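Let me begin by presenting the structure, written as C-alpha cells, before commenting on it.
Source: prediction; values computed, not measured.
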Amino acid sequence: MSREFPIGLTPPDWLVRNLQPHRAPLNWPAMVRAALAMALPLAIGLAAGQPTYGALASMGALSGVISDTADAYRMRILNIAVPQLLGAVGITVGSLVYGQGWYAVAAVTAVALLSGMISTIGAVSSVSGLLLLLNAVVGAGLPLPGPWWLPAALTAGGGLLVLALALLAWPLRAGVPERASVAAAYRTVADLLAACGDPDRYVTTRFDVTQSLNQAYDLILAHRARYHGRSRELTRLLAQLNAITPVVEAAPAVHLTGRPLPPEVPEAVRHLAEAIETGYTGPIPLPPLPTTTETTRAVAHALRHTAEVVTSPDVDPRGIDDRLGRPAALSIRTARAARNVVLSANSWRYGLRLAVCIGIAQALVSLVPVPRSYWVALTITFVLKPDFGSVFSRALLRALGTVAGLVIAAAVLAEVPPGWWDVPAMLLLAPLIPALTPRGYGYQTAAITPVILLLSDILNHKGTALLFPRLLDSLMGCAIALIAGYLLWPESWHTRVGDRQADAVADTAAYVEAAFGQGTGPAARARMRRRLYRDLSTIRTEFQRALTEPPPTGRRAAAWWPLVVAVERIVDATTAARVRVRHGAPPPSPAEISQVTLQLRELSEGVREAETLVSVRTDLTGPPGSVLEPLRQEVAAARAIASPH
C-alpha cells in the first residue's frame, strides 16, 4: 500500500518551481558546434606541444558557446563577437594585475562595477559584461602562459572559432531564420485560434503568441535599422508580421463568445505559415465563414487580408508601418545606452552590488589561503546577473548544479588519462552545455562545471585534487552572493511587486481611451497594443521569477498573480470591443469610456500605493448590450481581486 509523505516532508512550492526543468528541443547544430569548437583547440595545442595554449583557446570557445543563442546569422555576429572583444579586455586587465595583492583586488572590483553597469543595457551587453568580469577574474587568479597579449588572443580566437562555425551555412541558409521566426509567430496564432473558447489553453497560448511576436519583431526590426527598408525580403517579412495583427485582435472577440472556431480556420493560418517559410505565393484556399455577427466578420476579413499579404509577390515599402517603431541608428542607440548607464540609478545600484560582492570575495581569498581562489568570484559573477532571474534561486541552483557537475568531473578526472584522451572527453562533454542550458540554470551549471575543471586540470595538473576546493569555493561564492548581494539589499527580498503592475494598469486605461477615441489612428493603436502586450509579457515573466523566491517575496507575488491575469483579460476585452465596433457594433458613449478609464486609474493608484492588496469599489454599470459590457465585467473582476478575502 502506498503512503503519502508527511506534510512536513513536502517540499515548498518555490523549491519545486526552482528545480523543475524547462522543456526545450535539442539544438543539434549548436551541440555539434560546441563539440568541434572546444575540442579542436585542444587537439591543435597538443599537436603543437602547447596544451596550455589549447586550453586557453577552448576557454574562449566556451564563452562563444555560452553567447551562441541567436538564430539569425547577422545577430550571431553581434552576439558572439562583441562579448569576445570585452572578454579579451578583461583577461588582459586580469593578467596584468596577477599576483599584485591589493592592486589586483582593486582592479577586479573596478571591473566588476563597470561590468554590472553595462549589464543593465540589454542582452548583448549583459553577456559582454559577464565575459569582461569572468575573464578578468581568471586572468587575476591564474598564471597564464606567454606575453601579456597572448591569453587575450587565444581566448578571442576560440570564441571567434565558434562564430566561424556558426556562419558556415550562411550562404546556403540566408534569410531562413528570419522566415522561420515569422512562420513560428503565425503557428502560435493558429494555436490561439484553436484555443478560443477554452479558458485554460487560451491564456497559456496567448502568452506564447506575445513571445513569438516579440521575437519576430525584434529580429526583423533590428535588421531594418541597418538596411533602412532597402531589403525587399525584410520588408516583405515585416508586412507579413503586420498582416497577422487583425487575426490576433479578432481572437479575443471570438474567445469572449465562448464558441470555438471551425478547425479549418486555424488550419488555414498554418498553411499561411508554411507559405511564409517556403516563399510560396500561389493561391491558398480559405474556409467559408458566416458574416452574420461582428466577430465572424472580423475573422473572415482578417483572414482574407492576411492571405493577400502573404501570397503577394511584391510589397510597397512605403506602405509598411513598423508597429513598434523602427529602431534608431546604431550610433544613436549606443550614445543613448551610454547616457542611461551613467545616469541610471538602477545601473549604479547593480554595479555597486556586484562590485561589493566581488571585492569581498577577492579580499577574502587574499587574506585566507584558498587554493585556486578565482572560483569564488566566478561563482558570484554567474549568480549575480540582473537579467538571469532571482539571485536566491540562482545561488541555490548554482550549489546544486556544482555538486552534480563535480560528480561528472570526478569520473572524468579519475578515469581519463591526461593528454590526447582529453580531446574525446571534450567532444562528449561540450555538447552538454547547449543541450542542458535551456533546461535551467542548475542544469547549465552541471554541464559547464566538468568542462571548466577539465580545462583547469590541463593548466594546473591537479587532477581530482581540484574537486573539493571547487565545491568549497562555489559554496563560499554562493554564501557571499546571498548575504552581500541579496539579504543586505532590502529591494531584493522586500520588492514591491505591484509597481510594474500599476504602470500596466495605467497604460491599459490609456489604451481604452485610444481604442475608442477619435484622435488615434489605426497604426498608433496597433503600436500601443503591441507595447502593452509586450509589457504584460515582461510582467508575467517577472512575477514567475518572483514566485521562485522564498517567503515573504514569493508569497507576496502569489497574492498579486491573479491581478496580472485580470489585467491581461482587460486588454483582451478592450481589443475585442474595438474589433466589434470596427465591424458594425454601435460604439460606446464617451461617458462609458470615461467611467471605465476612471476605474482603471483608481485601481492603478491603489496598486501603486499598496504593499498588500486593499479594498476597492467595484460598482460598474452601463447600458445593457453595450460593447463595453464584457470590459466592465473584467474591470470589476480586477478590482474585486484587489480586495482582501
Side-chain angles (χ1 to χ4, degrees), residues 13-14 17 20 188-189 191-193 195-214 248-249 251-258 495-512 515 529-549 553-577 596 599-604 606-608 610 612-616 618 620 628-645:
D13 290 342
W14 62 267
R17 293 190 190 99
Q20 188 172 13
T188 57
V189 173
D191 294 339
L192 183 67
L193 295 177
C196 287
D198 185 336
D200 295 332
R201 280 183 60 205
Y202 182 84
V203 171
T204 303
T205 310
R206 180 186 55 197
F207 182 59
D208 294 339
V209 168
T210 300
Q211 287 188 310
S212 63
L213 286 174
N214 288 347
V248 176
E249 291 178 341
V254 175
H255 181 62
L256 286 178
T257 65
T495 304
R496 291 182 58 177
V497 291
D499 284 348
R500 282 195 172 187
Q501 189 65 30
D503 293 337
V505 175
D507 292 341
T508 302
Y511 175 57
V512 171
R529 186 186 62 82
R530 285 289 308 125
R531 289 195 181 98
L532 186 52
Y533 273 116
R534 178 184 289 258
D535 291 343
L536 290 173
S537 175
T538 302
I539 290 171
R540 175 180 279 262
T541 301
E542 289 296 323
F543 269 78
Q544 287 173 337
R545 287 177 177 175
L547 290 173
T548 64
E549 296 271 11
T553 303
R555 189 184 300 120
R556 187 179 298 116
W560 286 100
W561 178 252
L563 188 60
V564 176
V565 178
V567 174
E568 292 173 344
R569 292 171 62 91
I570 289 172
V571 178
D572 274 354
T574 304
T575 302
V596 171
Q599 294 282 329
L600 286 172
R601 289 196 170 97
E602 287 181 358
L603 175 61
S604 172
V607 170
R608 192 182 309 280
T612 57
L613 300 179
V614 295
S615 179
V616 289
T618 59
L620 272 137
L628 291 191
E629 182 57 31
L631 176 58
R632 280 195 293 267
Q633 293 176 5
E634 297 296 346
V635 173
R639 301 204 67 171
I641 288 171
S643 305
H645 296 288

Which heavy atom in [X] sits nearest to a heavy atom in [Y], and how many Å separate them?
| X | Y | value |
| --- | --- | --- |
| L563 | Q501 | O-NE2, 3.5 Å |
| L631 | A573 | CA-CB, 3.8 Å |
| Y202 | A251 | OH-C, 3.8 Å |

Test item: [X] and [Y] side chains (from C-beta on) under 4.5 Å apart, heavy atoms:
| X | Y | value |
| --- | --- | --- |
| R632 | Q599 | no |
| T210 | N214 | yes |
| L193 | V254 | no |
| V565 | R540 | yes |
| Y533 | T575 | yes |

So how far is it from [X] [atom1] to [Y] [atom2], rounded to the nearest 0.5 Å?
| X | Y | atom1 | atom2 | answer |
| --- | --- | --- | --- | --- |
| T574 | R569 | OG1 | CZ | 12.5 Å |
| L213 | S537 | CG | OG | 10.5 Å |
| E634 | L256 | CD | CG | 7.0 Å |

Please check: side-chain N/O of [X] versus main-chain N/O of [Y], any donor-acceptor pairing under 3.5 Å?
| X | Y | value |
| --- | --- | --- |
| T205 | R201 | yes |
| S604 | L600 | no |
| S212 | V209 | yes |

When you measure from the centre of the six-membered ring of Y511, is the NZ or CZ of R529 under 6.0 Å away and within 45° of the axis?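 Pair R529/Y511 does not count as cation-pi.
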Please lay out, stage by stage, how H255 and L192 fare under the test side-chain contact (heavy atoms from CB on, under 4.5 Å). CA-CA 9 Å; H255 181 62; L192 183 67; over 6 Å; no
